[in-house]
Amino acid sequence: MTEPLAKPKRKNPLARTRQPLLPPSARSRKAHELTLAAASGRFMLQCCSECGQYTYPPREACPNCLSSDLRLQDTPTGGVLLSETRIDVTSDPYYREHTPWRTGLVRLDCGPSIVTHLHGDCGGPGNRVVLSLQLDRGGQAVFFAKPIPETPNMEDDLQWLELTADPKHRRVLITDGRSPVAVALAQALKKAGATKIFIGVSDRWKPFNEQKSLESIDGIELVDLDLTNERSVQELAMDIGAKVEILINTADHVRPAHLFDAGAANTARDSIDYMVMGLMRLAQAFGPVMRSRGADGPTGAVAWVNVLSVHGLSNAPQFGVHSAAHAACLSLSQWLRTELRPGGIRVINAFSGPLDTEWFQTVPPPKVAPKALADAIVDGLKCGIEDIYVGDVAKDIEARLFDNPKAVEREAGQ
């Protein structure tokens, strides 16, 4: 039975910070199809369109009929544990620090047998398990098997925690307390077990509607943070940078503008300064120290979350400036992901449809409630998902972009 995760002791500030290590990361281009599935929390394998046989590992041709038409598709997750192995000695530097490590061989209900990381409560050979595709610390897809009946404290399994960014017992920074998502996000994080939640607020002398609600939550600390001011960001990083284990960037600047409007350039400049340059200031101030703390175990940095509009993937003409700024933030987020990967820090993009707020009053439903977005972010952290799509609009755009990007582009202005 899994032991409940204990609150970690305070780290000795004089203790040496260990160098972050990553699992083996060599993958073929075909194998990165599984990374695509793992990033969005889906379980997918190659399936032959000719004979219908599922295959693993990823191949160029079907081993049954030699057809080259192998397509990635959603796959049943159930299987039977055939054997299990406990690794106590290994030559790999990453796993040497995490032994003993459990692995097993699982025969899936759909056919293939797969070597997988194993939850401690799976029991012995012959038991039914459920598989998922996860991203490891190096950002590569791996399989993980869990027992089908839930067991007490199963989310506290140490191997599972290595593949996720669970906020339990962690300290979190939310960058914009004036965001409509801030209160719901703070409540969801607190419910998930976060120890301390820092909320960034610019111009704290200006009252805002969410202030009393935020201050009423236990473990909340409001801090000065102006994303348009490099000195403000740097000073906060010097103060709490070594404490933050999860950073959630909720900065947003919604202003409707048409491309040919006289003031569109000024609106774009304001949005880019606050959102794009603000993200860069955060990355420069908090990124290096988070990357260096990736190997601090239960007190180490684990995740950076960017809350983005799904229209950063497909421009919404009525909010063209907003869409363009989020597209730039997405590109910057991908850059940040590359820079933080050596520290094993997971960079998560939460793509949301229009929020149910005053700035999107003219947008027809469906819209996303702030609580729904907050819950999706916390669930993504717990499951280790890299790309989260929240709301019907976001999920529809994701599916249509996967199928036909040009159709999405042409239909945007209709």
Show your reasoning for whether side chain to side chain donor-acceptor pair (under 3.5 Å) applies to T228 and D273. CA-CA 6 Å; T228 63; D273 184 46; 4.9 Å; no
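- Every residue two or more places apart in sequence or in another chain that forms a side chain to side chain contact (heavy atoms under 4.5 Å, CB included) with S292 is listed here: V289.
- At a threshold of 4.5 Å between non-hydrogen side-chain atoms, the residues V254 and F319 count as touching.
- For R71 (side chain) and C47 (main-chain N/O), no donor-acceptor pair under 3.5 Å exists by modelled atom type.
- Put simply, the side chain of Q134 gets close to the backbone of C383: a donor and an acceptor are under 3.5 Å apart.
- The only member of L355, I174, V368 that meets side-chain contact (heavy atoms from CB on, under 4.5 Å) when paired with V181 is L355.
- The backbone N or O of P149 lies less than 3.5 Å from no partner atom in the side chain of T151, so there is not a single donor-acceptor pair.
- A donor-acceptor contact closer than 3.5 angstrom links the side chains of H326 and D252.
- Looking at every heavy atom in both residues, I197 comes nearest to A186 through CD1-O, 3.5 Å.
- Side-chain atoms of R346 come within 3.5 Å of backbone N or O of L163 as a donor-acceptor pair.
- Between the side chains of N349 and S333, at least one donor-acceptor pair of N or O atoms lies under 3.5 Å.
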Hey, mind stepping through H117 and W101 against side chain to side chain donor-acceptor pair (under 3.5 Å) and telling me if it holds? CA-CA 8 Å; H117 300 300; W101 193 270; 2.9 Å; yes
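- Screening residues 292-321 for salt bridge (Lys or Arg N to Asp or Glu O under 4.0 Å) gives K11-D296, E245-R293, R293-D296 as the qualifying pairs, with residues at least two apart or on separate chains.
- With 3.5 Å as the limit, one finds no donor-acceptor pair spanning the side chains of S323 and H311.
- Counting only residues at least two apart or on different chains, the salt bridge (Lys or Arg N to Asp or Glu O under 4.0 Å) pairs with a member in residues 172-201 are K196-E221.
- Remark: the backbone N or O of L118 is paired with a side-chain donor or acceptor of Q159 at under 3.5 angstrom.
- Comment: E339 engages R291 in a salt bridge, judged by a side-chain N to carboxylate O separation of less than 4.0 angstrom.
- Of the inter-residue distances, the one linking L225 atom CG with L236 atom CG reads 5.5 Å to the nearest 0.5 angstrom.
- A salt bridge (Lys or Arg N to Asp or Glu O under 4.0 Å) check over residues 94-115, counting only residues at least two apart or in different chains, returns the pairs R18-E97, R102-D157, D109-R128.
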Mind listing the side-chain donor-acceptor pairs of residues 388-397 below 3.5 Å, one per line with the distance, residues two or more places apart or on another chain?
residue	atom	partner	partner atom	Å
D396	OD2	R400	NE	2.9
D396	OD2	R400	NH2	3.4

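- One N or O on the side chain of T338 and one on the backbone of Q334 form a donor-acceptor pair closer than 3.5 Å.
- Using the six-membered ring where Trp is involved, H119 and F144 have ring planes that are perpendicular, over 60° apart on the 30 and 60° scheme.
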Side chains of residues 31-38: which donor-acceptor partners sit under 3.5 Å, not counting sequence neighbours?
residue	atom	partner	partner atom	Å
H32	ND1	T35	OG1	3.3
E33	OE2	K30	NZ	3.3

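- In this structure, the side chain of D356 does not engage the main chain of K367 through any donor-acceptor pair within 3.5 Å.
- No donor-acceptor contact under 3.5 angstrom links the side chains of D166 and T164, judged on distance only.
- Inspection of the D226 and S232 side chains reveals no N or O donor paired with an N or O acceptor under 3.5 Å.
- Nearest heavy-atom pair across V201 and G177 is CG2-CA, 4.3 Å.
- Under 4.0 Å is where a charged nitrogen must lie from a carboxylate oxygen, and between D74 and R42 at least one such pair does.
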